[in-house]
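Only one structure is covered here, and it is reproduced in the block below.
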Amino acid sequence: MLDIRLLRDNPDDVKTRLRHRGGDSWTLVDPVLECDEQRRSGETDRQRLQGERNRLSKDIGGLRSRGEDSSALETEVRGIGDRIKEIGEQADAADIRQRDLLMRIPNLPHEGCPVGADETANPVVRVWGEKPVFDGFAPQDHVALGQSLKLFDFEAGVRISASGFLVFTGAGARLQRALIQFLLDLHTTRHGYREVYTPFIVNRDCMEGTGQLPKFEDDMYGLEDNAFFLAPTAEVPVTNLYRDALLGPGDFPVKLTAYTPCFRREAGSAGRESRGMIRMHQFDKVELVNIVAPEDSFAQLEILTAEAETVLQLLGLHYRTIELCTGDIGFSSAKTYDIEVWAPGHGGYLEVSSCSCFGDYQARRMKLRYKDADGKNRFCHTLNGSGTALPRLYVALLETCQQADGSIRLPEVLHDYLKAKEILPDGTLR
RNA sequence: GGAGAGGUGGCAGAGUGGUCGAUUGCAGCGGUCUUGAAAACCGCCAGGCCGAAAGGUCUCGUGGGUUCGAAUCCCACCCUCUCCGCCA
């Protein structure tokens with residue numbers, strides 16, 4: 001949520017920056033300011049009347065204690081009470097409408113964010129490694145590899161659930177588990193994260209706090225008449241651990257990591273890059289969440305991104321890091337880097353991590369504050385990044401590590417986790 | 001699911017219709033003392049909104065209600081704890 005004072009003081013600047021995102025969110029600025037105007041004038045009137053009522057009520061108390069008649073005053077105060085109610089209802093209605101509109105306005109892109117209309121304008125900021133060369137054979141894609149090695153089963157996923165769900169089997173399931181373990185170990189032991197394990201079902205307050213609601217309700221799996229939702233990302237439960245919190249300056253940086261499944265309807269994604277496990281309704285992810293002081297947040301984004309990149313480096317997977325332009329950045333984000341891993345069989349880069357700094361946008365929505373050195377309460381800044389998403393990491397790993405005979409030579413960092421160095425052509429581990 | 005108890009400031013914990021936005025303790029901040037620290041003592045210390053400020057106003061789990069006036073009384077809901085039931 002944006003600071004209403006920002007809109008009051010620089011409405012044109014806010015509109016310009018919202019326009020850079022594309023869409024029509026900038027058209028909400030004027031209606032918000034209208035509500036703000038109504039709210040404040042109603043509030044002023046209400047407060048004046050409340051003051052009057054408070055004074056007269058005290059007088060009544062005085063009269064009564066002296067045994068004098070107070071009925072005339074009581075009638076007057078009753079009338080004031082009625083007007084307070086009437087004016088108050090109008091002010092409250094404006095307040096609710098203002099908040100509702102404000103919750104639908106996305107964050108302002110950071111000043112340094114490249115201006116552009118869509119993903120074609122995203123600059124590449126880093127490239128690590130090179131596309132692997134396959135000697136004497138054409139690399140298979142993960143669907144073919146998974147089938148021949150019996151690592152996962154899409155039809156079983158459909159039978160149990162529906163399209164968009166899959167079952168990992170045998171060595172495939174063990175590889176999945178090994179990757180999760182590897183990722184959590186990396187972030188906890190090497191990057192200083194505290195691991196948390198959260199519920200996968202979250203309430204509306206959480207979804208509003210991190211910015212999935214009210215705008216993206218159709219993309220979420222709702223339960224109990226949409227009072228609860230399956231978490232679309234660990235960002236929601238993990239960041240909301242600190243909803244309504246008041247931190248001290250010594251609490252920073254808060255660094256949390258969590259493994260969770262993620263549930264997304266992917267409404268409107270039909271036909272988009274979705275072969276195999278590239279876009280699922282349920283997928284696993286290890287998430288990184290940071291809570292920091294405002295002055296540190298954008299520097300922290302660089303660190304967070306580097307931590308996510310470490311995953312791919314240790315696995316020996318070629319990737320590139322891009323910065324999202326204003327037209328491609330997420331709703332709550334001020335600045336985002338995407339990490340895209342190379343998938344040789346697929347023949348393209350796949351987004352495995354999105355690392356974002358939200359400024360105080362989420363903190364304001366969820367009342368996440370800290371007491372600064374002067375004892376003043378200020379909103380924290382929040383960040384998160386995938387560290388990383390599992391399915392596409394899995395795809396890139398299989399496709400990069402495949403051998404001419406159809407086996408998979410596992411990266412060294414996984415050997416201990418799997419008690420094996422390769423997946424043989426028959427799907428067994430050795 | 002049933003019965004009971006309870007939800008008050010960063011934390012703990014008073015307060016049952018009228019200077020209570022709230023006693024007190026701890027933590028925190030400032031100061032005295034000290035070479036320094038500790039201890040002791042003194043002072044400050046909830047948040048939101050309106051306002052240039054002075055100040056005003058709202059908030060005691062949430063939402064309604066009663067009343068001239070509600071942290072305090074009534075109703076509903078949410079949550080926590082204890083006991084019972086059920087259960088991985």
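Order of the sequence lines fixes the chain letters, A, B, ..., with proteins taken first and strands second; residue numbering starts at 1 for each chain.
Nucleotides B:A70 and B:G18 are separated by 11 Å at their P atoms, to the nearest Å. Separating the C1' atom of B:G6 from that of B:U16 is a span of 15 Å, rounded to the nearest Å. The gap from the C1' atom of B:A39 to that of B:U34 amounts to 11 Å, rounded to the nearest Å. B:G10 and B:C78 have their P atoms separated by 26 Å, with the value rounded to a whole Å. The separation of B:G55 from B:U67, taken at their P atoms, amounts to 36 Å, rounded to a whole angstrom. Here the separation of B:C58 from B:U72, taken at their P atoms, is 15 Å to the nearest Å. Across B:A76 and B:U57, the matching P atoms stand 33 Å from one another, rounded to whole Å. B:U24 and B:A46 are spaced 13 Å apart, taking the P atom of each and rounding to whole Å.
The side chain to side chain donor-acceptor pair (under 3.5 Å) test with A:E307 singles out one residue from A:H191, A:H187, A:K255, and that residue is A:K255. Remark: of the listed residues A:K85, A:R39, A:R46, A:R46 is the sole one forming a salt bridge (Lys or Arg N to Asp or Glu O under 4.0 Å) with A:D92. Between A:P109 and the choices A:L324, A:V115, A:T326, the side-chain contact (heavy atoms from CB on, under 4.5 Å) rule is met once, by A:T326.
Under the Watson-Crick and G-U wobble criteria, each requiring two contacts below 3.5 Å, nucleotide B:A71 is left unpaired. Nucleotide B:C86 forms a pair with no other nucleotide shown, judged by Watson-Crick or G-U wobble geometry with both contacts under 3.5 Å. Pair check for B:C81 finds B:G4; Watson-Crick or G-U wobble, both atom distances under 3.5 Å. With a cut-off of 3.5 Å on both pairing distances, the Watson-Crick or G-U wobble partner of B:G28 is B:C44. The nucleotide B:A38 finds no pairing partner, because no Watson-Crick or G-U wobble arrangement with both distances shorter than 3.5 Å includes it.
Side-chain N/O atoms of A:K376 include none lying less than 4.0 angstrom from OP1 or OP2 on B:G47. Applying the 4.0 Å criterion to OP1 and OP2 of B:G65, one finds that A:K85 has a side-chain N or O inside that range.
The nearest whole Å value for the distance from the CG atom in A:L247 to the P atom in B:C11 is 12 Å. Remark: P of B:C29 and CG of A:D372 are 13 Å apart, rounded to the nearest angstrom. Spacing between atom CZ of A:R204 and atom P of B:C78 amounts to 17 Å, rounded to whole angstrom units. Atoms CD (A:E89) and P (B:G63) sit 15 Å apart, rounded to a whole Å. A:D244 places its CG atom 14 Å from the C1' atom of B:C79, with the value rounded to the nearest Å. B:U66 atom C1' lies 12 Å from atom CZ of A:R78, rounded to whole Å.
Not one N or O on the side chain of A:D225 forms a donor-acceptor pair closer than 3.5 Å with the backbone of A:A227.
Side chain to side chain, A:Y193 and A:N290 meet the donor-acceptor criterion of an N or O pair below 3.5 Å.
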message: Generate the contact string for nucleotides 48-61 of chain B. Rules: B means base contact, S means sugar-phosphate contact only, - means no protein heavy atom under 4.0 Å.
response: -BSS----BSS---
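A:F168 has its ring centre less than 6.0 Å from the ring centre of A:Y394. Aromatic ring centres of A:H381 and A:F358 lie farther apart than the 6.0 Å criterion allows. Ring to ring, A:Y370 and A:F252 are close: their centroids are under 6.0 angstrom apart.
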